[in-house]
Protein chains: 2
Amino acid sequence: MMTRPQRKNNPAALRLRLLDCAATLIVDHGVPALTLENVAREAGVSKGGLLHHYSSKDALIGGLFDMVVEWFGSQVDAAIEPEENRPARFSRAYLQVIANIDMSVPAEKRLAVLILMLSSDPHYCARWNSWVDERLREHHRTDTSPMARTLRLAADGLWLSDLGGGPDSVSSKRGEILQFLQTLDPGPATSTPHADKGGQ
Amino acid sequence: MMTRPQRKNNPAALRLRLLDCAATLIVDHGVPALTLENVAREAGVSKGGLLHHYSSKDALIGGLFDMVVEWFGSQVDAAIEPEENRPARFSRAYLQVIANIDMSVPAEKRLAVLILMLSSDPHYCARWNSWVDERLREHHRTDTSPMARTLRLAADGLWLSDLGGGPDSVSSKRGEILQFLQTLDPGPATSTPHADKGGQ
DNA sequence: CCATAAAAACCGTCCAGACGGTATGTTTTG
DNA sequence: CAAAACATACCGTCTGGACGGTTTTTATGG
């Protein structure tokens, strides 16, 4: 017996397609291209059909945000090394996921969408920030060292450069950059709030 | 001859105010808030007055971009250390300028605008990337080491977190982060394409 | 297994508001 | 007075989304 009744209309699949089309539109043609009509057309559905599943543009964007966060979260979880007390566990996974994004793969365009959303709406900034902070609390025993922070910051920098293709000095040396960052010694986590090594 | 004619209407000052108001609008309310009417109202001028100085929205954005790049460039130049062969001269200055941005100062909000513009318009991505690459060519003898790249990437990460206030884990530790990054040894510039030093 | 009614999925049109931009004044400056 | 600096009024377009209609799926009862 078929696990999927294979009915003609598949609402769940359509919802996914709508979100993916929205992501692709943003990445390929910029935020202004994200209109209900464009999304509907790309997904091969009418505007009414789109509005049936996402009752407003905000709802659509919200769904997009949720999808991206969930996707990124699962990717990071999958990349986390098993050794429980490995320094900078989370930050290293965070970096790896971002560094390995291939913008030519539709599913991986999703992450770029996040930055674009952050730029349009302060509301999503807050949600993203709290997501990061939550993860950081969860991994506070391994990911509080200055070097762990540095890895995450550098990852964000890589992420940023993914947007517009990035300067040649970055995009052409992806692998080399990641390799170098992975050799950095994160050092033990610093549960103490300050760790001044005597600045310059 | 008076340096300040102090006439009632001051076009030059208005143009500056228009750009600053545009920057503030973007940073505080997101890109969608950047409309001609909003900018004009914030600057205390009519829409016609705005269009008199910037004949289209694109012209306004272009002016914004130019202002930001010029401001950032001069800041970095001023922060570059005098010793000619100091490793990562440029990258360290780049980092310092970004890390010291105080988003509560209107003039310094300008830099955040850049990211937002990058996210909306691929055209400005290219212009920004080429600006960076140009600077990098200029400083290729001091700023090609992997660690120098890392400093710039981390700076971009800080920059990004400036957008939405950034997660608490970053915004509240600004100084500590900068201090740590400054202690990293950039190592000598690597004119050769690879330079693995194994660990920090 | 079928008939059928209700609900869910989807379509196509229309409209109000917003936005960029123009055209035409009116005031200020030199 | 001429030109620059600004104001006011208005237009065309685009977009979100409301609305009513149509088709497909599901639930129900015999």
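Each chain gets a letter, A, B and so on, in the order the sequences are listed, and its residues count up from 1.
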Exercise for the section: Return the set of residues passing salt bridge (Lys or Arg N to Asp or Glu O under 4.0 Å) with A:E37 (not counting sequence neighbours), or none when no residue passes. Expected result: A:K47
Exercise for the section: Please collect all side-chain hydrogen bond (donor to acceptor under 3.5 Å, both in side chains) contacts where either partner lies in residues 11-32 of chain B, sequence neighbours excluded, each pair once. Expected result: B:R15-B:H53, B:D20-B:R110, B:D28-B:K109
Practice task
Identify whether any heavy atom of A:L14 sits under 4.0 Å from a base atom; if not, whether one sits that close to sugar-phosphate; answer base, sugar-phosphate or nothing.
Solution key: sugar-phosphate
Handout entry: Close approaches to DNA chain D from residues 60-68 of chain B, in residue order (heavy atom, under 4.0 Å)
Key = none
Exercise for the section: Quick one: list whatever passes salt bridge (Lys or Arg N to Asp or Glu O under 4.0 Å) with B:E84, sequence neighbours left out. Expected result: none
Handout entry: Phosphate OP1/OP2 of C:dA9: any A:H53 side-chain N/O under 4.0 Å
Key = no
Exercise for the section: Rounded to the nearest angstrom, tell me the gap between atom CZ in B:R41 and atom P in D:dT8. Expected result: 15 Å
Practice task
Please list, chain by chain and in numerical order, all residues satisfying salt bridge (Lys or Arg N to Asp or Glu O under 4.0 Å) with B:D77, sequence neighbours excluded.
Solution key: B:R135
Practice task
Let me know the distance between CG of B:N10 and C1' of C:dT28, rounded to the nearest Å.
Solution key: 13 Å
Practice task
Name all residues meeting the side chain to side chain contact (heavy atoms under 4.5 Å, CB included) criterion together with A:Q75; count only those two or more places apart in sequence or in a different chain, and write none if there are none.
Solution key: A:W71, A:V97
Exercise for the section: Under the salt bridge (Lys or Arg N to Asp or Glu O under 4.0 Å) rule, what do A:R89 and A:E83 come out as? Steps first, then yes or no, please. Expected result: CA-CA 8 Å; A:R89 263 177 104 214; A:E83 303 118 75; over 6 Å; no
Acceptor/donor pairs from residues 112-121 of chain A side chains to any protein atom, 3.5 angstrom cut, sequence neighbours excluded:
from, atom 1, to, atom 2, distance (Å)
A:S119, OG, A:L116, O, 2.6
A:S119, OG, B:S119, OG, 2.9
A:S120, OG, A:L116, O, 2.7
A:D121, OD1, A:H123, N, 2.9

Practice task
Would you please confirm or rule out a distance under 4.0 Å between OP1 or OP2 of D:dA7 and any side-chain N or O of B:H52?
Solution key: no
Practice task
Kindly state which residues belonging to residues 23-35 of chain A come within less than 4.0 angstrom of DNA chain D, counting heavy atoms of the residue only, listed by number.
Solution key: A:L34, A:T35
Handout entry: Set of salt bridge (Lys or Arg N to Asp or Glu O under 4.0 Å) partners for A:R92, sequence neighbours left out
Key = A:E81
Handout entry: Residue pairs passing the ring pair (Phe, Tyr, Trp, His ring centres under 6.0 Å) test where at least one lies in residues 75-107 of chain A, sequence neighbours excluded
Key = A:F72-A:Y94, A:F90-A:Y94, A:F90-A:H139
Exercise for the section: Assess the side chains of B:R152 and B:S91: does a donor N or O sit below 3.5 Å from an acceptor N or O? Expected result: yes
I'd like a table of donor-acceptor pairs (distance under 3.5 Å, sequence neighbours excluded) in which one partner is a side-chain atom from residues 56-66 of chain B, with atom names and distances.
from, atom 1, to, atom 2, distance (Å)
B:S56, OG, B:D58, N, 3.4
B:S56, OG, B:A59, N, 3.1
B:K57, NZ, B:L34, O, 2.8
B:D66, OD1, B:R127, NH2, 2.8

Contacts under 3.5 Å, N or O only, protein and nucleotides 17-19 of chain D:
from, atom 1, to, atom 2, distance (Å)
D:dG17, OP2, A:K57, N, 2.8
D:dG17, N7, A:K47, NZ, 3.2
D:dG17, O6, A:K47, NZ, 2.3

